[in-house]
Asker: 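Structure provided below as structure tokens; questions to follow.
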Amino acid sequence: MTHAGSSIPRRQLGRYLKQGREEAGLSLEAAGEALEWSRSTMYRIEGGGSAVKARDVAAMCALYGMSPEMTSALIALAAETKAKGWWHAYGDTLPAWFELYVGMESAASGLRHWEPDSLPGLLQTRGYAEHLLRSHPELSEREIGHLAELRMERQKILMRKKPEPPRLEVIVNEGVLRRPFPGMAEQLNHLHNQVVAEVATIRIVPWDTQPNYALNGAGFVVLEFPTIGIRAAEPTTVYSESLTGALYLDKLTEVAAYSVRWKTLEGLSLDADQSANLLAVIVKEM
């Protein structure tokens with residue numbers, strides 16, 4: 001499995017280019033007009049959403065008045081954005097906005113995942129994944145098969161030797177674990193085994209928990225990254241998806257708000273030992 005693919009270099013390059021543009025005092029629109037690119041193209045490059053050609057990086061650096069040394073470094077970084085991760089094999093069924101996440105997930109050193117309505121993909125059995133995907137009215141059987149296989153492939157990061165697997169912390173609602181459907185017994189056994197093997201830490205929000213703001217809204221993942229070589233670590237990023245897209249939030253104020261929400265969710269949850277005991281009870285009852 002390729003470790004980070006192009007996702008991390010693309011994010012790094014985009015951040016440096018955005019910093020150079022802002023230091024030059026240029027708006028996104030002004031820079032795009034000077035380079036004869038659309039605003040969406042500029043936004044995609046700065047957000048790490050696409051690979052960038054060396055000549056385009058050179059043109060941006062020249063416009064922003066960046067030093068020859070920085071220009072050379074960014075051109076070299078641009079070459080890394082063309083590398084393809086293992087997930088590119090699923091490109092025909094993988095949404096572009098999720099492709100970036102898979103690469104970031106593969107490079108992360110820590111994942112904190114709140115999922116209010118289902119289990120995270122990294123902990124799903126194939127049966128659970130297929131059942132969930134099959135409920136989507138727009139997916140064909142071929143796409144369901146490909147996306148379920150992608151989830152199984154993603155899970156390999158939890159068992160890898162090098163680099164060290166990410167720390168996976170998950171908070172789920174008790175109702176998610178008690179929702180009956182074919183294959184749920186297998187799913188719960190798998191979840192229990194992952195907890196026993198310390199592959200993941202799982203905390204459960206009891207279903208009699210009082211309403212709280214932290215329980216509302218979409219699920220999210222907080223991704224933390226290691227230092228690689230002499231490069232600074234990627235900033236902690238919050239990922240949250242909807243039916244048609246996703247948000248990638250890495251501003252300090254945004255991450256801080258989600259960190260507070262995570263702490264609140266921990267306070268509403270059973271601790272890890274209590275959650276493991278409850279999970280064992282639910283497994284026996286299923």
Side-chain angles (χ1 to χ4, degrees), residues 3-85 87-88 95-110 220-242 244-259:
H3 174 215
S6 59
S7 296
I8 298 303
R10 280 177 4 202
R11 294 266 295 174
Q12 291 173 331
L13 178 60
R15 196 162 52 253
Y16 284 126
L17 291 172
K18 180 180 180 180
Q19 180 180 331
R21 173 180 61 75
E22 291 176 342
E23 290 178 352
L26 291 170
S27 67
L28 201 66
E29 291 78 6
E33 183 177 349
L35 294 163
E36 299 184 346
W37 297 340
S38 67
R39 187 182 189 282
S40 62
T41 297
M42 291 291 299
Y43 184 81
R44 190 167 61 251
I45 290 173
E46 291 189 355
S50 63
V52 190
K53 296 178 180 178
R55 65 170 181 269
D56 293 336
V57 172
M60 297 173 83
C61 290
L63 177 63
Y64 304 156
M66 300 176 83
S67 69
E69 294 78 15
M70 179 58 79
T71 299
S72 296
L74 296 189
I75 287 174
L77 189 55
E80 295 184 40
T81 69
K82 298 177 182 178
K84 290 188 175 182
W87 54 90
H88 284 79
W97 48 264
F98 189 62
E99 177 187 327
L100 177 59
Y101 173 77
V102 176
M104 294 175 68
E105 178 185 74
S106 182
S109 58
F220 63 89
V221 187
V222 180
L223 301 99
E224 298 173 330
F225 301 94
T227 299
I228 301 176
I230 61 173
R231 293 182 189 169
E234 277 289 284
T236 298
T237 300
V238 176
Y239 170 84
S240 181
E241 69 178 59
S242 65
T244 57
L247 294 175
Y248 293 87
L249 310 172
D250 58 15
K251 292 181 180 178
L252 291 178
T253 53
E254 295 169 332
V255 173
Y258 277 89
S259 294

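Computed from a prediction, not measured in an experiment: that's the story for all the values here.
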Asker: Contact between Ser67 and Met70 at the side-chain level, heavy atoms closer than 4.5 Å - yes or no?
Answerer: yes
Asker: Can you tell me how far the CG atom of Leu77 sits from the OG atom of Ser72, to the nearest 0.5 Å?
Answerer: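 With rounding to 0.5 Å, CG (Leu77) is 12.5 Å from OG (Ser72).
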Asker: Would you check if the side chain of Ser259 reaches a backbone N or O of Val255 as a donor-acceptor pair within less than 3.5 Å?
Answerer: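 Yes.
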Asker: If only atom types and distance count, is the side chain of Thr237 paired as donor or acceptor with the main-chain N or O of Pro235 below 3.5 Å?
Answerer: yes
Asker: Calculate, to the nearest 0.5 Å, the distance between atoms OG and OH belonging to Ser106 and Tyr101 respectively.
Answerer: 10.5 Å
Asker: Below 6.0 angstrom between ring centroids: does that apply to Tyr239 and Phe220?
Answerer: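 Centroid distance Tyr239-Phe220: not below 6.0 Å, so no.
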Asker: Can Asp250 and Arg11 be said to form a side chain to side chain contact (heavy atoms under 4.5 Å, CB included), step by step?
Answerer: CA-CA 11 Å; Asp250 58 15; Arg11 294 266 295 174; 3.2 Å; yes
Asker: Roughly how far apart are Glu224 CD and Thr236 OG1, rounded to 0.5 Å?
Answerer: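 With rounding to 0.5 Å, CD (Glu224) is 4.5 Å from OG1 (Thr236).
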Asker: For Cys61 versus Thr71, what's the shortest heavy-atom pair and its separation?
Answerer: CB-OG1, 3.3 Å
Asker: Can you measure from CD (Glu29) to CH2 (Trp37) and round to the nearest 0.5 angstrom?
Answerer: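 Taking CD in Glu29 and CH2 in Trp37, the distance rounds to 15.0 Å.
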Asker: Return the minimal non-hydrogen interatomic distance between Leu63 and Ala31, and the atom names on each side.
Answerer: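 Smallest heavy-atom distance, with atoms named: CD2-O, 4.0 Å.
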Asker: Tell me the closest heavy-atom pair linking Ser27 and Ala30, and the distance in Å.
Answerer: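 Distance-wise, the nearest heavy atoms are OG-N, 3.0 Å.
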Asker: Take Met42 and Glu33 through the side chain to side chain contact (heavy atoms under 4.5 Å, CB included) test and state the conclusion after the steps.
Answerer: CA-CA 10 Å; Met42 291 291 299; Glu33 183 177 349; over 6 Å; no
Asker: Of all heavy-atom pairs between Pro226 and Ser109, which one has the smallest distance, and what is that distance?
Answerer: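 In terms of heavy atoms, the two residues are closest at N-OG, 3.6 Å.
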Asker: About how many Å separate OH of Tyr64 and CD of Glu22, when rounded to the nearest 0.5 Å?
Answerer: 9.5 Å
Asker: Should Arg15 and Gln19 be marked as a side chain to side chain contact (heavy atoms under 4.5 Å, CB included) after you check the CA-CA gap, both sets of side-chain angles, and the distance that decides it?
Answerer: CA-CA 6 Å; Arg15 196 162 52 253; Gln19 180 180 331; 5.7 Å; no
Asker: Kindly state each residue pair satisfying salt bridge (charged side-chain N to carboxylate O under 4.0 Å, His left out) with at least one member in residues 44-60, sequence neighbours excluded.
Answerer: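 The answer is Arg21-Glu46.
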Asker: Rounded to the nearest 0.5 Å, how far apart are CG of Leu249 and CG of Leu223?
Answerer: 11.0 Å
Asker: Please assess Phe225 against Met104 for the test side chain to side chain contact (heavy atoms under 4.5 Å, CB included), listing each intermediate value before the final yes or no.
Answerer: CA-CA 9 Å; Phe225 301 94; Met104 294 175 68; 3.7 Å; yes
Asker: Decide yes or no for Met60 and Ile45: does some side-chain heavy atom of the first lie under 4.5 Å from some side-chain heavy atom of the second?
Answerer: yes
Asker: Does the side chain of Val238 reach to within under 4.5 Å of the side chain of Tyr248, using non-hydrogen atoms?
Answerer: no
